[in-house]
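Worksheet: one structure, shown below.
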Amino acid sequence: MILFRKFRVLILMVFLVACTMHIMIDLLPKLEKRAAGSSSSAGGGGGCSCAHTPGEEPRSWAKQRPRAAAAAAEPGWPNKHSLRLLQDFSNEPNSNLTSHSLEKVTERAESEKRVRQLQLGSEERGLMRDTASGQKQRAVQGSSRLKALYEHPLYKPDLPHLSEDDSLFNLNSDVRFYPKAAGQQEWHNEGNVEEEEDSPAGEATGESYPNWLRFHIGINRYELYSRHNPVIGALLKDLVSQKITSVAMKSGGTQLKLIMSFQNYGQALFKPMKQTREQETPPDFFYFSDFERHNAEIAAFHLDRILDFRRVPPVAGRLVNMTQEIRDVTRDKKLWRTFFVSPANNICFYGECSYYCSTEHALCGKPDQIEGSLAAFLPDLALAKRKTWRNPWRRSYHKRKKAEWEVDQDYCDEVKQTPPYDRGTRLLDIMDMTIFDFLMGNMDRHHYETFEKFGNETFIIHLDNGRGFGKHSHDEMSILVPLTQCCRVKRSTYLRLQLLAKEDFKLSSLMEESLLQDQLAPILIRPHLEAMDRRLRLVLKVLADCAEKEGFLSVVENDLEGQPSSHHHQAHRGR
């Protein structure tokens with residue numbers, strides 16, 4: 001009995017000690033703030049060796065969160081966590097370096113670009129200098145070329161009449177979008193092209209929706225977005241300018257990707273910069289272990305639009321502050337715990353994933369700024385289900401084994417007899433995707449998706465393009481195997497490829513000028529742009545060989561005439 005009482009007393013003492021320590025830790029930030037205030041008033045700022053000016057507030061990690069907590073405006077982690085785990089960061093002078101305006105961020109990016117150019121070899125340095133010095137001149141020429149391209153008759157065919165079944169969302173149906181239904185009081189409709197302040201009976205009209213939602217509403221059976229939809233340009237601006245309110249790691253996948261939520265309740269997938277633009281994929285790397293490149297995601301969106309596929313969701317580049325826009329707003333403990341300061345006083349993190357998520361492969365800022373691509377989310381699966389399809393020409397993803405299509409030259413004949421490739425336009429859409437991937441050098445197309453509502457009679461979505469643009473010095477001909485085996489292509493695609501091979505509408509020039517619209521320009525170095533022209537010629541040569549072997553009418557499928565007015569396409573049997 002005496003031992004039992006002693007044990008209870010011991011447990012009580014341990015509990016009291018723990019409570020005392022907890023209270024002391026809670027009081028430490030206030031004491032530190034008071035001490036800092038007294039020391040600053042006494043010293044007058046004359047002997048400060050910090051990286052900020054006397055009129056600026058120091059932005060050390062140990063002091064950011066107390067300010068946010070005092071203002072009760074920034075959601076984040078409790079102050080004691082930052083103090084306990086990151087208190088050593090406040091002693092690093094460079095840890096206080098952050099951007100205070102967009103102008104300073106731009107100046108820093110430009111200076112880093114100049115330093116990178118000086119470190120390149122003479123040939124590469126000349127190529128980059130050509131991109132930078134001729135940027136304004138080519139912008140004038142390229143913008144007119146780009147405008148002329150989109151005014152070309154090949155880029156103006158009309159869609160069939162859209163019925164209710166052809167639109168992903170029908171605003172007159174039971175599926176309605178109310179701010180209150182989503183548990184929100186307002187849309188924070190910053191940056192929208194139009195905004196209606198007076199909505200009937202609390203119901204938001206289509207024009208008052210944020211741009212990400214208007215993008216979702218515009219999706220139909222035939223396209224992800226229309227050719228001249230102003231919402232896409234506004235959405236790209238939102239991806240760059242909207243305030244980031246929360247960050248979490250995306251589950252699955254081989255490499256780190258973050259889900260970022262914005263103040264207007266939109267979401268985007270963030271892929272951080274892992275390689276410089278000049279780095280090529282090492283020759284000994286397998287395609288399934290290659291890095292995912294943020295600039296490849298950006299370039300893929302622009303290439304998809306120039307080819308008039310419009311099957312890649314909008315993507316924009318953004319310079320992100322890793323402390324204020326990732327670490328301070330995330331509630332993902334696993335992500336938050338991986339932040340650290342490198343020996344060079346740069347802020348780094350690595351997250352959790354299958355590949356390249358370790359201290360050795362950490363993502364580091366300069367000192368806390370990092371580039372990345374932001375891809376707009378597609379509609380939530382609860383509202384618009386998508387079906388995932390295995391690519392018939394999927395690679396083996398094995399170091400020694402080969403896929404069936406790599407050893408059977410008649411493999412396409414088998415695919416043509418298999419639904420959904422035996423009817424409709426699905427096989428031709430696969431050929432479009434093959435050409436798209438070959439121009440980028442993307443070998444990692446294992447699956448694709450479609451919207452379930454539209455069944456098999458719809459376009460395929462070109463998602464996950466981060467492994468493109470890895471090698472400008474090598475053309476991977478195995479990517480073109482579906483085209484060489486099937487010898488089928490849409491007439492619209494064939495004519496656009498021929499147009500982009502002409503000097504007046506040169507693909508590299510159009511891509512260069514289109515990419516200059518992005519905040520992180522230049523997105524691709526000159527060798528990658530020239531590689532696209534070279535690969536385009538190879539695609540046309542393959543089609544010419546097919547036409548010579550099987551006949552032009554058997555190879556080129558006419559999709560520009562006799563389009564059906566209903567959503568049911570005229571089926572054609574695979575030949």
Side-chain angles (χ1 to χ4, degrees), residues 250-257 271 274-275 279-294 296-297 300 350-361 387-421 426-427 429-449 460-488 527-528 531 534-535 538-539 541-542 545-546:
K250 183 180 183 300
S251 59
T254 58
Q255 300 182 37
L256 179 66
K257 293 179 279 287
K271 289 189 177 182
K274 296 185 178 72
Q275 285 184 314
Q279 286 180 283
E280 282 197 274
T281 302
D284 293 326
F285 267 40
F286 285 98
Y287 53 87
F288 51 80
S289 59
D290 190 11
F291 289 106
E292 292 187 11
R293 286 164 285 274
H294 72 298
E297 293 284 358
Y350 52 87
E352 287 188 359
C353 62
S354 303
Y355 292 121
Y356 309 124
C357 281
S358 62
T359 307
E360 294 77 13
H361 298 99
K387 185 171 182 179
T388 301
W389 303 80
R390 182 187 176 98
N391 185 359
W393 281 270
R394 180 184 187 272
R395 297 180 183 272
S396 65
Y397 288 84
H398 194 277
K399 297 180 179 67
R400 291 176 295 274
K401 294 181 180 179
K402 289 188 176 183
E404 183 180 351
W405 59 267
E406 294 180 277
V407 296
D408 183 5
Q409 294 302 315
D410 298 326
Y411 178 77
C412 185
D413 294 336
E414 180 181 345
V415 174
K416 290 176 182 177
Q417 300 174 8
T418 306
Y421 307 104
R426 182 63 58 85
L427 183 64
D429 288 339
I430 292 290
M431 299 301 110
D432 286 348
M433 185 172 66
T434 296
I435 296 170
F436 175 62
D437 285 336
F438 180 70
L439 294 175
M440 295 190 299
N442 179 26
M443 303 173 65
D444 188 38
R445 188 71 66 186
H446 45 82
H447 289 84
Y448 64 87
E449 295 185 11
I460 60 182
I461 309 171
H462 298 164
L463 295 174
D464 200 5
N465 306 294
R467 284 187 170 137
F469 298 103
K471 294 180 181 180
H472 55 73
S473 58
H474 174 70
D475 302 328
E476 183 55 52
M477 297 303 296
S478 65
I479 303 175
L480 273 184
V481 166
L483 190 63
T484 57
Q485 289 183 349
C486 296
C487 279
R488 297 291 180 272
H528 279 300
R534 185 178 67 243
R535 291 164 184 166
L538 291 174
V539 172
K541 184 180 183 304
V542 168
D545 293 342
C546 286

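Side chains are part of it too, since the values below use all heavy atoms of this structure and drop only hydrogens, waters and symmetry mates. The shown structure was predicted, so the numbers you read here are calculated from the model rather than taken from an experiment.
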Task: D408: partners by side-chain contact (heavy atoms from CB on, under 4.5 Å), with sequence neighbours left out - done: E404, D410, Y411
- [ ] Could you list the residues that satisfy side-chain contact (heavy atoms from CB on, under 4.5 Å) with R390, not counting sequence neighbours?
- [x] R394, H447
TODO: Determine yes or no for a side-chain-to-main-chain donor-acceptor pair under 3.5 angstrom, with E297 supplying the side chain and D464 the backbone.
DONE: no
Open item on the list: For A300 versus M440, what's the shortest heavy-atom pair and its separation?
Closed with: CB-SD, 3.5 Å
Open item on the list: I'd like to check the side-chain hydrogen bond (donor to acceptor under 3.5 Å, both in side chains) partners of Y350; sequence neighbours left out, ordered by chain and number.
Closed with: none
TODO: Verify, without hydrogens or angle tests, whether S396 (side chain) and K401 (backbone) share a donor-acceptor contact under 3.5 angstrom.
DONE: yes
- [ ] Only one of K271, Q255, K274, Q275 passes side chain to side chain donor-acceptor pair (under 3.5 Å) with E292; say which it is.
- [x] K271
Open item on the list: Taking the ring centre of each residue, are Y397 and H446 less than 6.0 Å apart?
Closed with: yes
TODO: Under the salt bridge (charged side-chain N to carboxylate O under 4.0 Å, His left out) rule, collect the residues that match up with D432, sequence neighbours excluded.
DONE: R311, K490
Open item on the list: I'd like to know if the side chain of R293 reaches the main chain of G468, judged simply by a donor and an acceptor atom lying under 3.5 Å from each other, with no hydrogens or angles considered.
Closed with: yes
Task: Counterpart residues, side-chain hydrogen bond (donor to acceptor under 3.5 Å, both in side chains), relative to S478 (two or more places apart) - done: R395, E476
Task: Value rounded to 0.5 Å, distance of OH in Y448 from CG in D429 - done: 8.5 Å
TODO: Go through the structure and list residues passing salt bridge (charged side-chain N to carboxylate O under 4.0 Å, His left out) with K471, not counting sequence neighbours.
DONE: none
TODO: Check whether any side-chain N or O of D475 sits under 3.5 Å from a backbone N or O of M477 as a donor-acceptor pair, and report yes or no.
DONE: no
Task: Side-chain (R445) to main-chain (L463) donor-acceptor, under 3.5 angstrom - done: yes
